[in-house]
Amino acid sequence: MQQLQALIQRKIPPQSVDVNHLVELAKRYPQPQSAEYKLIELALNIVLADYLEKAQQHT
């Protein structure tokens, strides 16, 4: 979770976070109202947005 907080605070780049790891974390915290779930969701959105931005640059 510290890695996710660092990502959200822009202390580490999105490329350093593995999407599969985020999916596994989401499976461990399935309650959408929990703080952990919201943290994972935000981190995943940041990582996916970065992938999308990079893909758009290559088109």
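Here the structure is a predicted model, which is why all the values come from computation and not from measurement. Reckoned from all heavy atoms, side chains included, excluding hydrogens, waters and symmetry mates.
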### Task
Please write out which residues are connected to Val19 in a hydrophobic cluster, directly or through intermediates, given that two of Ile, Leu, Val, Met, Phe, Trp, Tyr count as joined at side-chain heavy-atom separations below 4.5 angstrom.
Met1, Leu4, Leu7, Ile8, Ile12, Val17, Leu22, Val23, Leu25, Tyr29, Leu39, Ile40, Leu42, Leu44, Ile46, Val47, Leu48, Tyr51
### Query
Which salt bridge (charged side-chain N to carboxylate O under 4.0 Å, His left out) pairs, counting each pair once, include a residue from residues 28-48, with sequence neighbours left out?
none
Sequence-distant partners of [X], salt bridge (Lys or Arg N to Asp or Glu O under 4.0 Å), two or more places apart:
| X | value |
| --- | --- |
| Lys11 | none |
| Glu24 | Lys27 |
| Lys54 | Asp50 |

### Message
Is it true that, when you exclude Gln2 itself, more than 12 heavy atoms of the residues, nucleotides or ligands shown sit nearer than 6.0 Å to its CD?
### Response
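Not buried by this count: 12 neighbours or fewer within 6.0 Å.
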### Task
Tell me, please, which residues at least two apart from Gln31 pass side chain to side chain contact (heavy atoms under 4.5 Å, CB included).
Gln33, Ser34
